[in-house]
Amino acid sequence: MNNFSNILVTGGCGFIGANFIKYLFKEENFQGRVINLDCLTYSGNPENLSEITLQYPNRYIFEKLDINDFENVYKTVESNNVDLIVHFAAESHVDRSIHGPGQFVQTNIVGTFSLLEVVRKLDSMGRKIRFHHVSTDEVFGSLGSSGKFLETTPYDPRSPYSASKASSEMLARAYAHTYGIDITISNCSNNYGPYQFPEKLIPLMICNMIEGKNLPVYGDGKNIRDWLYVDDHCAAVWMIATKGRSGNTYNVGGENEWTNIDLLNSLCELTAELTNKPKNHFKNLIKYVPDRPGHDRRYAIDCEKIKIELGWKQSVDFEQGLKKTVEWYLANKNWIEHVKSGEYKHWMEKNYGAR
Ligand code: NAD
Ligand code: TYD
């Protein structure tokens, strides 16, 4: 098992990054420091870590930096003796990538390249850094009604988002192969849980229910996604970083496939129950809307490799995880208000009107 003293997390103010940093501070096997490097786009919110800032003033550092800023990222990594980088920072939403792919190329591809260059430069001076690249199952494309993505499935990205993630992943693989950089990669299915920006399916629907707005279902609602509670993803990333074999990729998934419409119906019932409303109260808000262009039909992950090799398994079942998630959004209306009030608000109005 690798022991790390100084972990640089990129994108730590976003959904999974913030949950991962919280996870690290609960992890007994880690007593070192965390440097959170994030430039705070619309989806990054430092308040997600306000407790950590107060509780661990000597072990937690926040650096407001763009991953593309080679000079300052280099200085941060070098001066903090970073021995592990966990790279979450990205533009992460498919819909936004359809409206504006340029930022996805700049952040996800060029930004990852810049980080890899930092690691390569330090490596050439004898400083060894493990680089864990966080990726998605969407790089593998879209499945029919059967089959699952394996680690060996060829890339077949079909949205600007997944194409940018596949590109960055290929760069990471190339740096491992060509320069011998110590790289691991994870490809995970759809995450859900607290702090997810309310543009992704589950938090968007919960927030719209709270606000009494329509619940927009793309196309026929029969597209399938595999859902995993965010803490289980964080545990997988930590296991891969500490115990994964260098140069390897690991699939991570919930083994929990749902059509969007079935999931939404369950979410409506659960939210009704938790807000003391009649069972079908929120279902009246469901509205079928035109499909997302290029909408992938089905994702499903085969995650036997990480289970057998590293002993990882899902620990939160879907019913339990969804309940915790809805309760969290109901209890954190100020957070919702806050994150939706900035750049995102203008973007939504411009692209979707008053949806
Ligand atoms: P998110 O959008 O919630 O967070 C992204 C974070 O990255 C934000 O804090 C943002 O400020 C930061 N960031 C963006 N551009 C940056 C830049 N140029 N420099 C520094 N920081 C920057 O995303 P998320 O859902 O937490 O996803 C995190 C990672 O996990 C992404 O790489 C994503 O592709 C991957 N992933 C996400 C899912 C999912 O279901 N959300 C599933 C599998 C993999
Ligand atoms: P999303 O959360 O955007 O994740 P991804 O596209 O990366 O899988 O969407 C999950 C599924 O929900 C996807 O099939 C698109 C669908 N969806 C809707 O039907 N309505 C919506 O408003 C959103 C945001 C997504």
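Keep in mind the model is a prediction, meaning the values are calculated, not measured. In each ligand, atom 1 is the first atom listed, and ligand 1 is the first ligand listed.
Atoms of ligand 2 lying under 4.0 Å from at least one heavy atom of Asn190, given by number and element, are 4 (O), 5 (P), 8 (O). For ligand 2, the atoms sitting less than 4.0 Å from at least one non-hydrogen atom of His93 are 3 (O), numbered in the order shown with element in parentheses. Those atoms of ligand 2 with a heavy atom of Glu199 less than 4.0 angstrom away are 24 (C). With ligand atoms numbered from 1 in the order given, ligand 2 contributes 18 (C), 19 (O), 20 (N), 21 (C), 22 (O) to contacts under 4.0 Å with heavy atoms of Pro216. Ligand 2 places these atoms under 4.0 Å from at least one heavy atom of Val217: 19 (O). Atoms of ligand 2 lying under 4.0 Å from at least one heavy atom of Lys200, given by number and element, are 2 (O). Which parts of ligand 2 touch Leu204 is read off a 4.0 Å heavy-atom cut-off, strictly below it: atoms 22 (O). Interface atoms of ligand 2 facing His295, defined by a heavy-atom separation under 4.0 Å, are 13 (C), 14 (O), 15 (C).
In the displayed structure, Glu304 atom CD is contacted under 6.0 Å by more than 12 heavy atoms of other residues, nucleotides or ligands.
Counting only distance, with no hydrogens or angles, the side chain of Thr107 and the backbone of Phe104 share no donor-acceptor pair below 3.5 Å. A donor-acceptor pair under 3.5 Å links the side-chain atoms of Asn6 to the main chain of Asn80, judged by distance alone.
At a 4.0 Å heavy-atom cut-off, ligand 2 touches Glu138 through the side chain alone. At a heavy-atom cutoff of 4.0 Å, ligand 2 is contacted by no atom of Thr136, backbone or side chain. No part of Asp296 comes within 4.0 Å of ligand 2, judged by heavy-atom distances. Only the side chain of Val94 comes within 4.0 Å of ligand 2, judged by heavy-atom distances.
Considering Asn260, Asp137, Asn208 only, the shortest heavy-atom separation from atom 11 (C) of ligand 2 involves Asn260. With atom 6 (O) of ligand 2 as the reference point, the heavy atom nearest to it among Lys222, Arg292, Arg225 is part of Arg292.
In summary, Lys307 and Glu255 engage in a salt bridge, as defined by a charged side-chain N under 4.0 Å from a carboxylate O. Looking at Arg120 and Glu117, a side-chain N of the basic residue comes within less than 4.0 Å of a carboxylate O on the acidic one, giving a salt bridge.
Under a 4.5 Å side-chain heavy-atom criterion applied to ILVMFWY residues, the cluster that includes Ile308 comprises that residue alone.
For Tyr229 and Tyr192, the gap between ring centers is short of 6.0 Å. Residues Tyr250 and Trp312 keep their aromatic ring centres 6.0 Å or farther apart. Here the two rings, on Phe197 and Phe15, have centers that are 6.0 Å apart or farther. Taking the six-membered ring for Trp and the full ring otherwise, Tyr299 and Phe140 have centroids separated by 6.0 Å or more.
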Any protein N or O within less than 3.5 Å of an N or O in ligand 1? List each pair with its distance, or say none.
from     : atom 1 : to     : atom 2 : distance (Å)
ligand 1 : 2 (O)  : Ser43  : OG     : 2.8
ligand 1 : 2 (O)  : Ser92  : OG     : 2.7
ligand 1 : 3 (O)  : Phe15  : N      : 3.0
ligand 1 : 9 (O)  : Gly14  : N      : 2.9
ligand 1 : 9 (O)  : Asp38  : OD1    : 3.4
ligand 1 : 9 (O)  : Asp38  : OD2    : 2.5
ligand 1 : 11 (O) : Asp38  : OD1    : 2.6
ligand 1 : 11 (O) : Thr41  : N      : 2.9
ligand 1 : 11 (O) : Thr41  : OG1    : 3.2
ligand 1 : 18 (N) : Asp66  : OD1    : 3.0
ligand 1 : 19 (N) : Ile67  : N      : 3.0
ligand 1 : 21 (N) : Cys39  : N      : 3.2
ligand 1 : 23 (O) : Ser92  : OG     : 3.2
ligand 1 : 26 (O) : Phe15  : N      : 3.3
ligand 1 : 26 (O) : Ile16  : N      : 2.8
ligand 1 : 32 (O) : Phe88  : O      : 2.9
ligand 1 : 32 (O) : Lys165 : NZ     : 2.6
ligand 1 : 34 (O) : Tyr161 : OH     : 2.6
ligand 1 : 34 (O) : Lys165 : NZ     : 3.1
ligand 1 : 40 (O) : Asn191 : N      : 2.9

Evaluation steps, side-chain contact (heavy atoms from CB on, under 4.5 Å), between Glu91 and Ser164
CA-CA 9 Å; Glu91 286 293 336; Ser164 68; over 6 Å; no
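In terms of the side chain to side chain contact (heavy atoms under 4.5 Å, CB included) criterion, residue partners of Ala272 (sequence neighbours excluded) are, by chain and number, Lys277, Phe282. For Lys75, there are no salt bridge (Lys or Arg N to Asp or Glu O under 4.0 Å) partners two or more places apart in sequence or in a different chain.
Among the atoms of Tyr218, some N or O lies under 3.5 angstrom from an N or O of ligand 2.
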